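Take a look at this one; I'll ask things after.
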Protein chains: 2
Amino acid sequence: MVAGPLPTRSGPGKDRLRLWIRLLRASRTIETELRERLKKEFNTTLPRFDVMAALYRSPEGMLMSDLSRFLLVSNGNVTGIVDRLVSEGLVARARRNGDRRTSMVRLTEEGSKTFAVIAAAHEGWIGELLGTVSEDEARRLTGMLTSFRSNWEGRE
Amino acid sequence: MVAGPLPTRSGPGKDRLRLWIRLLRASRTIETELRERLKKEFNTTLPRFDVMAALYRSPEGMLMSDLSRFLLVSNGNVTGIVDRLVSEGLVARARRNGDRRTSMVRLTEEGSKTFAVIAAAHEGWIGELLGTVSEDEARRLTGMLTSFRSNWEGRE
DNA sequence: ATATGTTATTTCAAGCTTAAAGTTTCATAT
DNA sequence: ATATGAAACTTTAAGCTTGAAATAACATAT
């Protein structure tokens with residue numbers, strides 16, 4: 001789903017529109033490839049990988065709302081993905097003493113081991129898929145996107 | 001769904017991994033905003049907008065497989081979205097004389113008018129959302145992403 | 001203590017998405 | 001003409017995604 005209207009027209013907003021379309025097509029292309037490999041090699045999905053990646057960074061655990069905010073997806077969405085990870089034994093919900101509305105979500109021992117393996121492959125894939133971008137260019141691109149991001153956060 | 005594992009680690013693939021995470025976060029952020037506005041202002045969705053945008057570029061119509069290839073999504077996916085657009089009167093399937101397996105999909109008169117209005121708003125939104133990226137920077141970023149894209153297409 | 005509002009999470013309905021299987025039509029070789 | 005395979009599309013099952021409604025627990029003001 002990456003069309004963008006009238007990319008060949010000219011006008012004031014032309015360059016930004018074109019940038020948006022490229023951005024979207026690039027990320028969709030890579031995402032599709034990653035999804036296929038995760039499925040084929042590890043029988044998992046991109047959303048599950050993303051949740052595990054977030055939890056791997058926080059051994060102490062994360063609240064559902066932390067996950068949702070960090071991953072830029074809705075609350076209800078995270079519930080379903082975590083449910084499936086729990087049923088696979090990769091993630092656990094731990095009730096907290098203080099606030100009984102919340103629960104700390106964290107990787108299980110098995111989840112942590114499993115993720116480490118997948119993450120190593122994932123990093124290799126990214127290196128391969130973005131191989132045509134030089135490391136230097138990657139840094140410059142990242143810089144531009146980062147400044148966009150921080151400006152964005154300032155406004156919203 | 002935009003985590004990315006261990007973005008703070010260092011190593012050979014570090015810069016490309018970081019780039020990928022930024023790319024994904026940027027496109028998800030913009031996508032979310034566009035989706036909300038399309039829903040609120042025009043009561044439509046991003047996938048429907050994308051299909052209409054593709055058809056708007058081809059007044060003669062497109063095959064389902066053209067749409068699917070152009071939008072980088074699966075065949076079955078397009079079927080459902082076009083079904084809904086047809087039921088809304090914005091798109092029509094026209095049986096062809098030659099090949100009875102295929103049908104040309106095109107915007108109806110109403111679909112074309114409707115899209116023109118939405119597309120104008122959409123272009124304004126992009127200009128606003130990417131407002132912090134200068135036109136010059138936008139061109140450079142686009143160039144880098146384009147070269148990635150064409151290299152990619154060479155391999156797959 | 002009780003009411004009122006807020007926060008964290010889940011549930012729900014609708015729609016999007018994919019991969020795989022199924023259908024129909026076309027193309028080609030015998 | 002008939003079989004065999006390929007192509008275009010749809011259907012299906014499972015999972016992802018959102019926004020909105022529902023639930024439960026907490027916080028605050030009376």
Side-chain angles (χ1 to χ4, degrees), chain A residues 1-3 24 27-29 31-41 43-52 61-88 91 93-105, chain B residues 1-3 24 27-29 31-41 43-52 61-88 91 93-105:
Chain A
M1 275 309 142
V2 172
L24 198 44
S27 60
R28 287 293 171 83
T29 301
E31 242 181 322
T32 297
E33 189 67 25
L34 291 179
R35 195 183 308 114
E36 282 171 10
R37 295 187 187 199
L38 284 173
K39 178 66 178 176
K40 182 169 301 181
E41 308 280 336
N43 194 38
T44 190
T45 67
L46 205 42
R48 285 173 218 197
F49 176 81
D50 285 340
V51 166
M52 294 181 78
M62 290 176 84
L63 300 180
M64 294 297 284
S65 41
D66 293 337
L67 272 171
S68 145
R69 196 167 20 253
F70 180 70
L71 298 173
L72 305 178
V73 299
S74 65
N75 276 343
N77 187 358
V78 178
T79 297
I81 296 163
V82 167
D83 283 352
R84 279 167 221 117
L85 287 170
V86 167
S87 78
E88 290 170 1
V91 155
R93 284 182 170 98
R95 268 233 140 6
R96 291 204 299 169
N97 330 16
D99 189 331
R100 272 175 305 179
R101 291 170 301 182
T102 66
S103 55
M104 273 304 201
V105 181
Chain B
M1 275 308 146
V2 172
L24 198 45
S27 60
R28 286 295 171 84
T29 301
E31 241 181 322
T32 297
E33 189 67 25
L34 290 180
R35 195 183 308 113
E36 282 172 9
R37 294 187 187 199
L38 284 173
K39 179 65 179 175
K40 181 169 303 183
E41 308 279 337
N43 195 35
T44 189
T45 68
L46 206 41
R48 287 175 215 196
F49 177 81
D50 286 340
V51 167
M52 294 181 79
M62 291 177 83
L63 300 180
M64 293 299 283
S65 43
D66 293 336
L67 271 172
S68 143
R69 196 167 23 253
F70 180 69
L71 297 174
L72 307 177
V73 298
S74 65
N75 276 344
N77 187 357
V78 178
T79 296
I81 296 164
V82 167
D83 284 350
R84 279 168 221 116
L85 286 170
V86 168
S87 78
E88 291 170 1
V91 156
R93 285 183 170 97
R95 270 233 141 1
R96 289 205 299 169
N97 329 15
D99 189 333
R100 271 175 306 179
R101 291 170 300 180
T102 66
S103 54
M104 273 303 202
V105 182

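Quantities reported herein were computed from a predicted structural model and do not represent experimental measurements. What's counted below: heavy atoms across the whole structure, side chains too, no hydrogens, waters or symmetry copies. Letters go in sequence order (proteins before strands), and every chain restarts at 1.
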Legend entry - Euclidean distance, atom CG of residue B:Leu46 to atom P of D:dG19 [Å, nearest integer]: 12 Å
Inset, instruction - Could you check which of D:dC26, D:dG19, D:dT18 has an atom nearest any side-chain atom of B:Glu36? - result: D:dG19
Inset, instruction - Determine, for B:Arg28 against B:Glu33, whether the closest basic-nitrogen to carboxylate-oxygen distance falls under 4.0 angstrom. - result: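 Salt bridge: no.
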Inset, instruction - Taking only the side-chain nitrogens and oxygens of A:Arg100, find out if one of them lies under 4.0 Å from OP1 or OP2 of D:dA24. - result: no
Close N or O pairs between protein and nucleotides 3-9 of chain D (under 3.5 Å):
| residue | atom | partner | partner atom | Å |
| --- | --- | --- | --- | --- |
| D:dA7 | N3 | B:Arg101 | NH1 | 3.0 |
| D:dC9 | OP2 | B:Ser65 | N | 2.8 |
| D:dC9 | OP2 | B:Ser65 | OG | 2.6 |

Legend entry - salt bridge (charged side-chain N to carboxylate O under 4.0 Å, His left out) involving B:Arg35 - partner list, sequence neighbours excluded: none
Inset, instruction - For B:Glu33 and D:dT17, give me the distance from atom CD to atom P, rounded to whole Å. - result: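 Atom-to-atom, B:Glu33 to D:dT17, this comes out as 19 Å.
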Legend entry - Whole angstrom value for the distance that separates C1' of D:dT12 from CG of B:Asp83: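 Checked: the CG to C1' distance equals 14 Å.
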Legend entry - Listed partners of A:Thr102 passing side chain to side chain donor-acceptor pair (under 3.5 Å), at least two apart: A:Arg96
Legend entry - Contact nearer the 5' end of DNA chain D, comparing B:Lys39 with A:Thr45: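 Counting from the 5' end, the first nearest nucleotide belongs to A:Thr45.
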Legend entry - Separation of C:dA8 P from A:Leu67 CG (nearest whole Å): 14 Å
Inset, instruction - Figure out the CG/P separation between A:Leu38 and D:dA14, and round it to whole Å. - result: 21 Å
Inset, instruction - For residues 67-82 of chain B, pull every pair meeting salt bridge (Lys or Arg N to Asp or Glu O under 4.0 Å), keeping only residues two or more places apart or in separate chains. - result: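 Residue pairs with at least one partner in residues 67-82 of chain B: B:Asp66-B:Arg69.
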Legend entry - Spacing of A:Glu88 atom CD relative to D:dG15 atom C1', expressed in whole Å: 12 Å
Legend entry - Separation of D:dG15 P from A:Leu85 CG (nearest whole Å):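 The answer, rounded to whole Å, is 12 Å.
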Inset, instruction - Taking salt bridge (charged side-chain N to carboxylate O under 4.0 Å, His left out) as the test, write out the residues that go with B:Arg93, two or more places apart. - result: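 Expected list: B:Asp83.
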Legend entry - salt bridge (charged side-chain N to carboxylate O under 4.0 Å, His left out) against A:Glu88, all qualifying residues, sequence neighbours excluded: A:Arg48
